[in-house]
Protein chains: 2
Amino acid sequence: MTTDTQTLKQEFIEGLSGISAFWGFPKGMGALFAVLYLSPDPLPLDELVEQSGLTKGAVSTNVRALARIGLVHRSTRLGDRKDYYEAETNFYKSVRSILKERQNTEFDRAVASVKETLSKLEAGAGSSDPAEQAFLLERVRALQSFFDALDSLFSAISRLDSLGFGTIQTVLNILK
Amino acid sequence: MTTDTQTLKQEFIEGLSGISAFWGFPKGMGALFAVLYLSPDPLPLDELVEQSGLTKGAVSTNVRALARIGLVHRSTRLGDRKDYYEAETNFYKSVRSILKERQNTEFDRAVASVKETLSKLEAGAGSSDPAEQAFLLERVRALQSFFDALDSLFSAISRLDSLGFGTIQTVLNILK
DNA sequence: TACTACGTTTAGTAAATACTAAACGTAGTA
DNA sequence: TACTACGTTTAGTATTTACTAAACGTAGTA
């Protein structure tokens with residue numbers, strides 16, 4: 001006895017909901033993306049309400065958030081007042097826009113504050129004891145360069161689609 | 001007028017708190033790591049209470065969580081009942097253990113569920129309409145291969161320290 | 001044995017968050 | 001103009017989470 005399409009979809013939706021929650025997004029966003037991703041055609045809001053089990057308000061909010069980060073696209077049809085949504089299928093593109101989105105939030109502010117600490121230290125601030133000063137400088141520098149390395153890698157990820165999978169394989173082989 | 005050491009430390013602590021929160025960890029964890037990271041010597045729990053402003057209970061919980069993911073290490077001294085903590089300074093090592101830790105949580109279960117959906121589809125489940133079946137298969141496959149690529153990259157990150165920065169530069173040049 | 005100095009656990013709390021239900025705004029239509 | 005079919009916004013709610021305060025457990029010490 002094999003699983004039917006409906007059940008299969010439901011499991012997939014729950015899976016993406018969990019992944020969404022894990023990355024700090026509302027579960028609803030994952031669910032809505034899943035619904036759209038499994039649909040060959042763009043879907044209107046009321047269809048999303050039906051298939052996701054969320055209310056109109058929740059769908060409206062979440063689908064708009066998805067559009068902001070580029071994971072779904074909104075479209076309209078002539079002589080039809082409804083909005084239609086469809087899933088973006090180029091994930092690398094989405095990652096890029098998600099990272100870009102997040103760059104202007106608290107994360108960037110926090111990372112910037114570490115960088116600022118470093119600048120102040122390099123400018124001679126905090127000099128109570130030379131040994132302590134040197135120690136602090138070394139530690140904060142090390143952290144900063146780690147952040148820089150991470151940053152390079154993340155931006156590399158967002159460029160992966162234009163590079164193609166051949167390049168990815170090459171890179172992974174080097175790293176192996 | 002330059003900033004004094006105390007203020008500088010405080011700013012750094014707040015910065016790491018923010019970064020911690022951003023990545024889904026308690027702010028307290030970031031703060032405690034910051035305190036330890038800026039200390040040349042291992043610190044006992046009561047010192048952490050004092051420097052972080054958290055209560056004993058919170059410090060106990062958070063510092064244990066930090067130890068679990070390998071960002072701090074606990075040690076003891078002979079004839080001294082206190083526990084001492086110090087920061088791990090090899091971040092790549094920490095990333096590796098954080099990822100390893102997370103692997104057994106909800107994230108992995110969620111990703112696994114997508115993989116399971118794919119297996120079922122490949123085994124012929126859900127076959128209502130051949131065209132729909134092909135469509136679903138193609139989409140879920142694409143998502144799965146995206147996850148696989150991400151996975152490769154993350155595990156690459158955790159191997160970066162053993163490779164050294166020379167290799168990292170090489171890789172980033174290829175990706176550029 | 002009682003005492004002391006620790007770390008841990010628990011009960012309760014405050015704040016953030018994502019949702020529901022329903023009111024609202026608005027653009028096309030009779 | 002009133003009506004209808006949409007999407008959006010708001011008020012309220014349930015849940016989660018990270019914290020505090022305090023009780024608790026425990027191993028060394030007098």
Side-chain angles (χ1 to χ4, degrees), chain A residues 13-14 16-36 42-69 72-86 102 105-107, chain B residues 13-14 16-36 42-69 72-86 102 105-107:
Chain A
I13 290 170
E14 280 159 20
L16 285 205
S17 295
I19 291 171
S20 178
F22 179 82
W23 289 109
F25 297 103
K27 276 175 55 182
M29 278 177 67
L32 289 171
F33 179 80
V35 169
L36 290 171
L43 299 176
L45 195 138
D46 56 344
E47 188 75 22
L48 290 175
V49 167
E50 192 176 327
Q51 293 200 34
S52 69
L54 299 174
T55 57
K56 249 198 329 176
V59 170
S60 172
T61 306
N62 282 315
V63 93
R64 193 146 31 92
L66 281 170
R68 276 190 70 224
I69 63 178
V72 311
H73 302 289
R74 186 192 302 233
S75 59
T76 52
R77 293 176 185 173
L78 311 99
D80 187 342
R81 277 190 279 159
K82 292 181 186 173
D83 291 344
Y84 289 85
Y85 298 93
E86 63 187 322
R102 290 206 162 176
T105 62
E106 333 223 352
F107 179 60
Chain B
I13 290 170
E14 279 158 22
L16 285 205
S17 296
I19 291 172
S20 177
F22 180 82
W23 289 110
F25 297 103
K27 275 175 55 180
M29 279 177 67
L32 289 170
F33 179 79
V35 169
L36 290 170
L43 300 177
L45 195 139
D46 55 345
E47 188 74 23
L48 290 175
V49 168
E50 192 176 327
Q51 292 200 35
S52 69
L54 300 174
T55 57
K56 249 195 333 173
V59 170
S60 173
T61 305
N62 282 314
V63 92
R64 192 145 32 91
L66 280 170
R68 275 190 72 223
I69 62 178
V72 311
H73 302 290
R74 186 192 301 234
S75 59
T76 52
R77 293 175 184 174
L78 312 100
D80 187 342
R81 276 189 279 161
K82 292 179 185 171
D83 291 344
Y84 289 85
Y85 298 93
E86 63 187 322
R102 290 206 163 176
T105 62
E106 333 220 351
F107 179 61

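Worth knowing before you read on, the calculation uses all heavy atoms, side chains too, and leaves out hydrogens, waters and symmetry mates. Worth saying up front: this structure is predicted, and the values here are computed from it rather than measured. Numbers restart at 1 for each chain; the letters A, B, ... are given by sequence-line order, proteins then strands.
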Q. Rounded to whole angstroms, how far apart are CG on B:Leu78 and P on D:dA27?
A. 18 Å

Q: From the options B:Thr61, B:Leu16, B:Leu66, select the one residue that forms a side chain to side chain contact (heavy atoms under 4.5 Å, CB included) with B:Met29.
A: B:Leu66

**Q.** hbond_proxy A:Lys56 side chain to D:dG7 base (donor-acceptor, 3.5 Å cutoff)
**A.** yes

Q: Kindly check if the number of other-residue, nucleotide or ligand heavy atoms within 6.0 Å of CZ (A:Arg68) is above 12?
A: no

Q: Please report, rounded to the nearest Å, how far the C1' atom of D:dT20 is from the CG atom of B:Leu48.
A: 17 Å

Q: Just do the side chain to side chain contact (heavy atoms under 4.5 Å, CB included) check on B:Gln51 and B:Leu43 with the steps written out, would you?
A: CA-CA 10 Å; B:Gln51 292 200 35; B:Leu43 300 177; 4.2 Å; yes

(Q) For the OG atom of B:Ser75 and the OH atom of B:Tyr84, what is their distance to the nearest 0.5 Å? (A) 8.5 Å

(Q) Can you identify which nucleotide, out of C:dA21, C:dC19, D:dG7, has its nearest atom closest to the A:Leu45 side chain? (A) D:dG7

Q: Round to a whole Å and report the spacing from CG of B:Asp83 to P of D:dT26.
A: 16 Å

Q.
With a 4.0 Å limit, can you tell me whether A:Arg77 has a side-chain N or O closer than that to the phosphate oxygens OP1/OP2 of D:dC6?
A. no

Q. Base, sugar-phosphate, or nothing: which does B:Gly79 touch, judged by heavy atoms less than 4.0 Å apart?
A. nothing

**Q.** Pairwise 5' ranking along DNA chain C for B:Val63 and A:Pro26, keeping only the more 5' one
**A.** B:Val63

Q) What is the base-pairing partner of C:dC3, counting Watson-Crick and G-U wobble geometry with both distances under 3.5 Å? A) D:dG28

Q) If you find the nucleotide of DNA chain D closest to A:Lys82 and the one closest to A:Ala58, which residue's nucleotide is nearer the 5' end? A) A:Lys82

**Q.** Given DNA chain D, 5'-ward residue of the pair A:Gly57 and B:Asn62, judged by closest heavy atom
**A.** A:Gly57

**Q.** Nucleotide C:dG7, atom P - distance to OH of B:Tyr84 in whole Å
**A.** 9 Å

Q.
Looking at D:dG7, I'd like to know if its phosphate oxygens (OP1 or OP2) sit under 4.0 Å from a side-chain N or O belonging to A:Ser60.
A. no

Q. Quick one: B:Leu54 CG to D:dA22 P, roughly how many Å, whole number?
A. 17 Å

**Q.** B:Arg77 side chain reached by B:Pro42 side chain, heavy atoms, under 4.5 Å
**A.** yes

Q: Starting from C1' on D:dA18, measure out to CE on B:Met29 and report it in whole angstrom.
A: 12 Å

Q: Under a 3.5 Å limit for both distances, which nucleotide forms a Watson-Crick or G-U wobble pair with C:dA23, could you say?
A: D:dT8

Q. Atom CZ of B:Arg81 to atom P of C:dT4: distance rounded to whole Å?
A. 12 Å

Q.
Just the rounded figure in Å: distance from P of C:dA27 to CG of A:Asp80.
A. 17 Å

Q | Watson-Crick or G-U counterpart of D:dT13, or none if no pair lies under 3.5 Å | A | C:dA18

